[in-house]
Asks: 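One structure is given below, represented as structure tokens, and several questions about it will come after.
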Amino acid sequence: MPTSDPRQRILELRDELNRHNHNYYVLNSPEISDREFDSLIKELAELEEKYPDMSDELSPTRRVGSDLTDGFEQIAHIYPMLSLSNTYSIEEVDEWFARVRSGLGGEKFEITGEMKYDGTSISLIYEHGKLIRAVTRGDGEKGDIVTENVKTIKSIPLKLQGSGWPDLFEIRGEILMPWEAFERLNKEREFNEEPLFANPRNAASGTLKMLNSREVAKRGLDAYFYYLLGPELPYDNHFDNMMAAREWGFKVSEIMTLLTSIEKVDEFISHWDSARRELPVATDGLVFKVNNLRQQLNLGYTAKSPRWAIAYKFPAEKALTRLRYVSFEVGRMGIITPVANLEPVLLSGTIVKRASLHNEDIIKTLGIHENDLLYVEKGGEIIPKITGVDENGRDADAEPIKFVTRCPACGTPLVRVEGEASWLCPNKFGCPPQIAGRVEHFVGRKMMNIDGIGEETSQQLFASGIVRNIADLYDLTKEKLLTLEGFGQKSADRVLEGLEASRNIPYDRVIYALSIPFVGDTVAKKVAKAFPDIDSLMNATAEELASVKDIGPRIAESIVEYFGNPINREIVARLRNAGLQFSGTDAGESLSDVLAGKTFVISGTFAHHSRDEYKRLIELHGGKNVSSISKKTDYVFAGENMGPAKLEKATNLGIPIIDENTFLEMIGEKN
């Protein structure tokens, strides 16, 4: 029975909740329901609020994080975090095995086989059974202290369980974003028109370096641990030490296996080369380590890596699956995109059912026929793409895939985009997917940022007849919203509050939200700066528009055509009457000209500002953002996880690479 002493009850609840966290996130065998767990958390939080003298930084209630996290300090690693040498074939692993055998002078040895998880490395320091510090790999010699963010990861023990741990030790592992959490995050970013994370590794790394630990807590990070260090470890071998760590509450992979011969090592590789596809997290290879710690010391290190361990990298994943049919989908600008609908196939940890074929020319180039067997890969480890056809598996009577000639949504004859491979539906004001798509774009985070309306709600509003164009959004009432399925008082209020707040969105973002063809975020800023109110923009000639820097004839003609349509002018008039900002933009404001004439390429993730905020700061200080590196680039602004290809190109061209602190010094905002 629970104790009646509230202070003792706090201690009981903490122990109980820590045990349930371990059962759920590490052992995958929960004993209570989510509702029961939430009830216990609530009880503990209420008691801690009543008894502040019982405050504890390691309480389970602190797992939600805080929005007060400061910037990261750096600290030297107790033991350098070296990288492993990579191999790409079983033969290379066998050669390493032979070198180990030779280095040990014929002495018997065991190898541990482990999964190489594709995340971001972390070092945790525990003292007297409590987590005291978490440090990123950094440059291997020193890393960032990210303790507050790591505390939000529920598979990491804040206080150890069991017994037998050293008073002070370090454990290393990999912070990961499971496929399920990764896909959820990218879906949210796609809706908000934010850049997608290329893979779970980048997502995990970027999340771990966020300055708001409360946001970190929402992203569902996980962690696996693979190495124990310290002066007084319980065992003289790696495998037993990790089994002990598992007893203390760490998530140690069940895959870790003792291998006693080169044949067993080869079998381990062959098995996991395919079996890894069933795992819930991203992997990119296997790791093999000499098990005995004394033998590890005898084998020693090269300048960059240990001789007693090696990584085997899996080959790029490719799958062969059957084409079911090709669907043709209509975007908000009317462009028709062919999509290959496939027999479901597991690829890089996710089930792939669809892949874009982009346009008619690609279908013809690949030579795709009905029911073909198609090779599927994941571009950038996230976006499925068709890379080829197995013609040997083609049916004898299979017909080539033919591009549609009429809009699949409204039946309007398609027209070819001049100079491009695209076909589009010209029925802009009568084609349902185009209208709903423009509504969805309008409410997006980088446009009008109207909370409560997403893709499904946009479709629902159009299908109900309540919203037939973007101006109709400002005629919405609570009564109208409550007629929609799934809408209650709170969700209706949320939408109306979002609409009210959108009346303060700056003019340049309103222009972007209108869905003018070829007018994206950057072009909208330039247009707003050159034409500081909507009347001057609507009445501008193509020549006047084309005279604006970086606005070519094609964009100019598109803007003239858009405002030349009476329907669009009527929509703008209604939006102006609704109170939207159609002048007084801050797009023309300038903070300084210290970056005047300088071009920047931004790559990686940052601690103090988002990438979009830095792009904005570059522009406000007179600089220019470009997407690719060339001889004309003045600086590469590099954050964490900068792409290796960009780094190599910048180095080869001799372009200065600056970090976050250097940039802030350049614009006078270091402090």
Asks: Rounded to the nearest 0.5 Å, how far does CZ of Arg394 lie from CD1 of Ile368?
Replies: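 That separation rounds to 9.0 Å.
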Asks: Please name all residues satisfying side-chain contact (heavy atoms from CB on, under 4.5 Å) with Leu233, sequence neighbours left out, ordered by chain then number.
Replies: Leu228, Asn241, Leu293
Asks: To check you understand the geometry: which heavy-atom pair defines the closest contact between Leu279 and Trp179, and what is its length?
Replies: O-CD1, 3.9 Å
Asks: Tell me every residue that passes side-chain contact (heavy atoms from CB on, under 4.5 Å) with Thr651, counting only those two or more places apart in sequence or in another chain.
Replies: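 Leu647, Ile657.
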Asks: Is it true that Asp659 and Thr662 share a donor-acceptor pair across their side chains at a distance under 3.5 Å?
Replies: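 There is such a pair (donor and acceptor under 3.5 Å, judged by atom type) between the side chains of Thr662 and Asp659.
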Asks: Could you tell me if the side chain of Pro178 sits less than 4.5 Å from the side chain of Pro200, heavy atoms only?
Replies: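 SC-SC contact between Pro200 and Pro178 ruled out.
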Asks: Once ring pair (Phe, Tyr, Trp, His ring centres under 6.0 Å) is applied, do any residues pair with Tyr227, and if so which ones, sequence neighbours excluded?
Replies: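 Result, ring pair (Phe, Tyr, Trp, His ring centres under 6.0 Å) vs Tyr227: His238, Trp308.
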Asks: Kindly say whether Leu208 contributes a backbone atom to a donor-acceptor pair with the side chain of Asn149 at under 3.5 angstrom?
Replies: yes
Asks: Answer yes if the side chains of Ser85 and Ser305 hold a donor-acceptor pair under 3.5 Å, and no otherwise.
Replies: yes
Asks: At what distance, to the nearest 0.5 angstrom, does OG of Ser89 lie from CD1 of Ile269?
Replies: 8.5 Å
Asks: Please report the closest heavy-atom contact between Pro338 and Val326, naming both atoms and the distance.
Replies: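 Scanning both residues, the minimum pair turns out to be CB-CG1, 4.0 Å.
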Asks: As an exercise, state the distance from CD1 of Ile362 to CG of Leu357, rounded to the nearest 0.5 Å.
Replies: 7.5 Å
Asks: Would the distance check show the side chain of Thr599 and the main-chain N or O of Asp634 forming a donor-acceptor pair, the cut-off being under 3.5 Å?
Replies: yes
Asks: Would you check, one step at a time, whether the test salt bridge (Lys or Arg N to Asp or Glu O under 4.0 Å) holds for Glu254 with Arg246?
Replies: CA-CA 10 Å; Glu254 300 285 347; Arg246 182 184 289 164; 3.8 Å; yes
Asks: Could you tell me which non-hydrogen atom of Tyr635 sits nearest to which non-hydrogen atom of Ile658, and how far apart they are?
Replies: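 Nearest heavy atoms, Tyr635 then Ile658: CD2-CG2, 3.9 Å.
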Asks: Not counting sequence neighbours, which residues clear salt bridge (charged side-chain N to carboxylate O under 4.0 Å, His left out) with Arg322? List them please.
Replies: none
Asks: Do the non-hydrogen side-chain atoms of Arg324 and Lys353 ever get within less than 4.5 Å of each other?
Replies: no
Asks: With sequence neighbours excluded, give me every ring-ring contact (aromatic ring centres under 6.0 Å, His included) pair touching residues 88-112.
Replies: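 Listed once each, the pairs are Phe97-Phe109.
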Asks: Taking C-beta and beyond as the side chain, do Thr387 and Lys385 meet within less than 4.5 Å on heavy atoms?
Replies: yes
Asks: For Phe663 together with Phe637, are the ring centres under 6.0 Å from each other?
Replies: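 Judged by ring-centre distance (under 6.0 Å), Phe637 and Phe663 do meet the cut-off.
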Asks: Between Leu653 and Ser630, which heavy-atom pair has the shortest distance, and what is it?
Replies: CD1-C, 3.9 Å
Asks: Decide side-chain contact (heavy atoms from CB on, under 4.5 Å) for Lys289 and Ile111; before the verdict, give the C-alpha distance in whole Å, the side-chain angles of both, and the deciding distance to 0.1 Å.
Replies: CA-CA 5 Å; Lys289 299 171 186 169; Ile111 298 293; 5.9 Å; no
Asks: Would you give the length of the straight line joining atom CZ of Phe268 to atom CG of Leu259, rounded to the nearest 0.5 angstrom?
Replies: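 Separation between the atoms: 6.0 Å.
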Asks: For side-chain contact (heavy atoms from CB on, under 4.5 Å), just list the numbers for Tyr614 and Glu660, CA-CA rounded to whole Å, side-chain angles, deciding distance to a tenth of an Å, and then say yes or no.
Replies: CA-CA 9 Å; Tyr614 274 126; Glu660 202 165 6; 2.7 Å; yes
Asks: Could you tell me whether the side chain of Leu374 reaches within less than 4.5 Å of the side chain of Val389, counting heavy atoms only?
Replies: yes
Asks: If a pair satisfies salt bridge (charged side-chain N to carboxylate O under 4.0 Å, His left out) and one of its residues is in residues 91-108, list it, with sequence neighbours excluded.
Replies: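 Applying salt bridge (charged side-chain N to carboxylate O under 4.0 Å, His left out) to every pair that reaches into residues 91-108, excluding sequence neighbours, yields Glu107-Arg294.
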Asks: Can you list every side chain to side chain donor-acceptor pair (under 3.5 Å) pair that touches residues 123-135, not counting sequence neighbours?
Replies: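 Matches after skipping sequence neighbours: Ser123-Glu170.
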Asks: Check side-chain contact (heavy atoms from CB on, under 4.5 Å) between Leu258 and all other residues, then give those that pass, not counting sequence neighbours.
Replies: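 Checked Leu258 against side-chain contact (heavy atoms from CB on, under 4.5 Å); matches are Glu110, Thr112, Phe239, Asn291.
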Asks: Write down the atom of Ser213, the atom of Thr152, and the distance for their closest heavy-atom approach.
Replies: O-CG2, 3.6 Å
Asks: If I compare all heavy atoms of Thr147 with all of Ile132, which pair ends up nearest, and what's the gap?
Replies: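 The pair with the smallest heavy-atom distance is CG2-O, 4.2 Å.
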Asks: Taking salt bridge (charged side-chain N to carboxylate O under 4.0 Å, His left out) as the cut-off, I'd like each qualifying pair that reaches into residues 235-245, sequence neighbours left out, listed once.
Replies: none
Asks: So, Arg219 side chain and Leu185 main chain: donor-acceptor pair closer than 3.5 Å or not?
Replies: no
Asks: Tell me, with the steps shown, if Thr302 and Arg307 meet side-chain contact (heavy atoms from CB on, under 4.5 Å).
Replies: CA-CA 7 Å; Thr302 66; Arg307 293 189 179 93; 3.9 Å; yes
Asks: I'd like to check Val601 versus Ile655 (side-chain heavy atoms, cut-off strictly below 4.5 Å). Are they in contact?
Replies: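 No - every pair of side-chain heavy atoms lies 4.5 Å or more apart.
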Asks: Is any side-chain heavy atom of Tyr301 less than 4.5 Å from a side-chain heavy atom of Pro80?
Replies: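 Result no, sub-4.5 Å side-chain heavy-atom pair not found.
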Asks: What distance do Arg201 atom CZ and Glu174 atom CD have between them, rounded to the nearest 0.5 Å?
Replies: 9.5 Å
Asks: Quick one: pull up CZ in Phe225 and CD1 in Ile122 and give me the separation to the nearest 0.5 Å.
Replies: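 Separation between the atoms: 8.0 Å.
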Asks: Does Tyr235 OH have over 12 foreign heavy atoms under 6.0 Å away?
Replies: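 It does not: Tyr235 OH has 12 such atoms or fewer within range.
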Asks: Please identify each residue that fulfils ring pair (Phe, Tyr, Trp, His ring centres under 6.0 Å) with Tyr117, with sequence neighbours left out.
Replies: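 Ring pair (Phe, Tyr, Trp, His ring centres under 6.0 Å) list for Tyr117, sorted by chain: Tyr224.
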Asks: Check whether any side-chain N or O of Asp144 sits under 3.5 Å from a backbone N or O of Val146 as a donor-acceptor pair, and report yes or no.
Replies: no
Asks: Counting N and O atoms only, with roles assigned by atom type, does the side chain of Asn661 sit under 3.5 Å from a partner on the main chain of Leu664, one being a donor and the other an acceptor?
Replies: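 No; zero donor-acceptor contacts below 3.5 Å.
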Asks: Other residues, nucleotides and ligands only: do more than 12 of their heavy atoms fall within 6.0 Å of NZ on Lys615?
Replies: no
Asks: Mind checking whether Phe250 and Trp165 have ring centres under 6.0 Å apart?
Replies: no
Asks: Between Ile125 and Ile78, is there a side-chain heavy-atom distance shorter than 4.5 Å?
Replies: yes
Asks: Are Pro306 and Val290 close enough that some pair of their side-chain heavy atoms sits under 4.5 Å apart?
Replies: no
Asks: Check the pair Phe182, Val281 against side-chain contact (heavy atoms from CB on, under 4.5 Å), reporting the backbone distance first and the verdict last.
Replies: CA-CA 9 Å; Phe182 173 68; Val281 292; over 6 Å; no
Asks: Quick check: does any side chain N or O of Asn341 sit under 3.5 Å from a backbone N or O of Val339, one acting as donor and the other as acceptor?
Replies: yes
Asks: Quick one: salt bridge (charged side-chain N to carboxylate O under 4.0 Å, His left out) pairs with a partner in residues 260-273, sequence neighbours left out?
Replies: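 Not a single pair qualifies under salt bridge (charged side-chain N to carboxylate O under 4.0 Å, His left out).
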Asks: Applying side-chain contact (heavy atoms from CB on, under 4.5 Å), can you list everything that pairs with Val376, at least two apart in sequence or on another chain?
Replies: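 Listed in chain order: Thr321, Leu342, Leu347, Val352, Pro384, Ile386.
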Asks: Return yes when atom NZ of Lys313 has more than 12 non-hydrogen atoms of other residues, nucleotides or ligands closer than 6.0 Å, and no otherwise.
Replies: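 Counting neighbours around NZ of Lys313, more than 12 heavy atoms of other residues, nucleotides or ligands fall under 6.0 Å, so yes.
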